[in-house]
Amino acid sequence: MAKAGRSYIIRMVSAITAVSAVMMLLGACRSGKTDIPDIPSPDDTAYSESEATDPSHESDPNEHILSTLNVALPYQDSTVRYLAQMYYAKKNNLWDKNYTGSDIDLDQLSSINTDLIITSSRTFEEGVSSSVLSSWKSNNAMPDLFLASDINDAADSGLIVPLNDFTGADPSFDNDRIFANCVLECTRDGKIYGIPHAVSVELLIGNSDFIPSSGRPPVIYTCDEFAEYLNAVKTEYPGTVPIMSASDLFPYIGSAFNHGEKTSYMLNKEYKAQPILIENVFDNEKEFIAALYSEGLSKDKDSNGANPVYSRQCALWTASSATLKTWEVYYPDNIYTMFLPSYDPDNQAPANVHVYPLCVSSTASNGKLAADFASFISFDTDAQLLIQRCEMRSGFFPVTRSSAVWDIIHEDSAVGQTSYILKQILDNAVFVPADDSDPVFAKTKDYFADFGSREEYSLEELYGN
C-alpha cells in the first residue's frame, strides 16, 4: 500500500499531545525468572502520588490529568524510564538531534519531566505465555502492555485486543524502515494483534574448543559440507560428540532438501497441501539425519550418559538464538554460531525466525497510548540504540532496518557474522513456533525425542491422516 512514495503496512496512532508535569517510573525490577511476574499498579500501597506529581502543581486548576501506562517488559526499570522520557522528548520536539540513543547523557535524559506515569515490571527475556496472562487476569493484575512469547498463543488467549482501532499515519510502519513480514506475522484475519519487538533465529551453536584445524565451514554450506565438517571434528577430537541430537534439525532444514525453496516448520503447511509430494522431502531429511547417527557424528548423550553440551563434550548443537545468553555464561568467550545448511553453496537457506510481539491487553485503559509506545520502542532507531546500550540482548534481533542498530549487533563476537547474514535474508524468513504453546511444536518435539526408538518415521504418522 503506497502513500507519498512510502509503503505502509498499517497505520498506528498519531503523536500524542503532551503537557508538562512530572513523571515517575515505578515498579520492581527483578533479576532472574519468576513464575508469574508481579505487575505493579498505582493502587499499590507502596505507590505514593506525591512522588509522581510536583507538589507545587497540586492545586493548579489548569493542570491536566496525568496519563498512566502499566508495562511488563524484559528490561530493567531504569531502561524503561529512559525509554519513556525519550518517547516524551521526541513527541514534544524536545529531542536534541545532535545525540542518539547510544550517546545521549542519561542524567540529562532522566531529568526530563513528562505527563506520563509508567509503572513497570520485568518479564522473561522471551516474554510471557497465555498461562501467565491468565494468572494476571485472575489476580486483576493485567498490565496494559506486555511482551508475549508467541503471537498465536497471545491472540488465542482472548486477553489482548487488535490494534487496528489505534491506527493512524505513523511513518514508522514504512516498509523501508522495518521488516514488513514481521508485522504481517502478527496479523490474523486482517487484524493486527501485536507490534513485533524482536526476533530470534534458529542456529547451530558451537564450542570453539572443538573447531578442527581445517577451520569452520564457509558462510553458506551444503549438507554434504556439513557432514565433512562433523567428520573432521570426530577425527581430531575423539570422544567428542560432533553434534548433539541431530534430530533437532528436522523442523528447520526442509529447504535444504527442497531445492532451496522455503518450507514451513516441520513441513506442516506443505503436508496439508500436498502430503504425498512432501513426504519425499521428509524422507531425504530422514536419510541424512539417520546417517549422522549411524556414522557416529551425532548422539543424544555422551559416553557417560550425560548431556554432552552440559558436560562440555559437544562441538555443535541446534538451538534458538534466544538461548545465547545462557550459553555465553556457560561457555565464556567460547561460543560461535552458524546458520543451518543450505541446498547449494550459492544461496543461503531461509532463516527460521520467531517473533516476540508487544501486545495490548483487553483491560488497558488507554490502548492508543500503549500501542504508540510499543511502536516507538520497537521501531525508533534511538530507542533501539538505547536498549542495546542498557541491556544485554545477545541473540535477540531488531525489527528495524536501521544500520546504526544492526552495526552494534554485528560487533557481538558470537553472532556478528550470522547477524550480518540475517539482516540480508530476514525479508524471506520462515516464521516458526518456539515453545510448547504451539501444538505442532509440542507434537514434533515429542515425536523425535530419543530418535531411533521408533521403527519408522513419517509425516503421516506425525500428523495423522
Side-chain angles (χ1 to χ4, degrees), residues 201-205 221-231 233-234 241-302 305-309 314-320 338-343 349-354 430-465:
V201 60
E202 205 69 21
L203 297 170
L204 284 167
I205 302 179
Y221 61 96
T222 65
C223 289
D224 287 342
E225 290 174 312
F226 183 50
E228 291 173 5
Y229 180 73
L230 296 178
N231 266 303
V233 172
K234 179 185 177 184
V241 177
I243 181 170
M244 187 191 83
S245 299
S247 59
D248 291 341
L249 292 167
F250 266 117
Y252 308 108
I253 62 171
S255 170
F257 296 92
N258 193 37
H259 304 282
E261 295 296 319
K262 284 203 302 186
T263 53
S264 63
Y265 178 85
M266 201 53 254
L267 306 174
N268 181 258
K269 294 179 181 179
E270 293 78 9
Y271 181 74
K272 290 179 180 178
Q274 296 178 313
I276 296 177
L277 292 179
I278 205 62
E279 277 284 5
N280 184 58
V281 174
F282 175 74
D283 287 343
N284 290 333
E285 268 194 81
K286 182 174 59 176
E287 181 180 351
F288 172 73
I289 291 173
L292 296 182
Y293 280 96
S294 64
E295 294 171 11
L297 301 178
S298 182
K299 295 181 180 179
D300 296 339
K301 297 178 181 179
D302 65 17
N307 181 311
V309 179
C314 181
L316 284 167
W317 59 97
T318 307
S320 167
M338 304 190 310
F339 270 98
L340 304 179
S342 301
Y343 174 73
N352 290 268
V353 168
H354 182 74
V430 173
F431 292 100
V432 300
D435 58 44
D436 285 347
S437 66
D438 183 273
V440 176
F441 182 95
K443 181 181 291 187
T444 299
K445 184 174 70 173
D446 178 69
Y447 187 65
F448 291 111
D450 192 19
F451 184 71
S453 61
R454 297 173 183 267
E455 291 186 4
E456 188 56 59
Y457 291 85
S458 69
L459 292 178
E460 181 178 6
E461 184 179 56
L462 171 62
Y463 292 123
N465 293 323

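Basis for what follows: all heavy atoms, side chains included, without hydrogens, waters or symmetry-related copies. The structure displayed is predicted, hence computed values, not measured ones.
- Side chain of S255 to backbone of P350: no donor-acceptor contact under 3.5 angstrom is found.
- F250 has its ring centre less than 6.0 Å from the ring centre of F451.
- Ring geometry, Y252 versus Y265: the interplanar angle exceeds 60°, so the pair is classed perpendicular (tilted spans 30 to 60°).
- E279 contributes no side-chain N or O that, together with a main-chain N or O of I276, makes up a donor-acceptor pair within less than 3.5 Å.
- A centroid separation of less than 6.0 Å is found between the aromatic rings of Y457 and F448.
- The residues K286 and E456 are annotated as salt-bridged, a charged nitrogen and a carboxylate oxygen being separated by less than 4.0 angstrom.
- I205 places none of its side-chain heavy atoms less than 4.5 Å from the side chain of V309.
- Rounded to the nearest 0.5 Å, atoms CG (D300) and CG (D450) are 6.5 Å apart.
- Side chain of S320 to main chain of E202: no donor-acceptor pair is present (N/O by atom type, distance under 3.5 Å, no hydrogens or angles).
- Judged by distance alone, the side chain of Y463 and the main-chain N or O of S458 form no donor-acceptor pair under 3.5 Å.
- In K262, the NZ atom is crowded: over 12 heavy atoms of neighbouring residues, nucleotides or ligands sit closer than 6.0 Å.
- Residues D224 and T222 bring no donor and acceptor atom of their side chains to less than 3.5 Å of each other.
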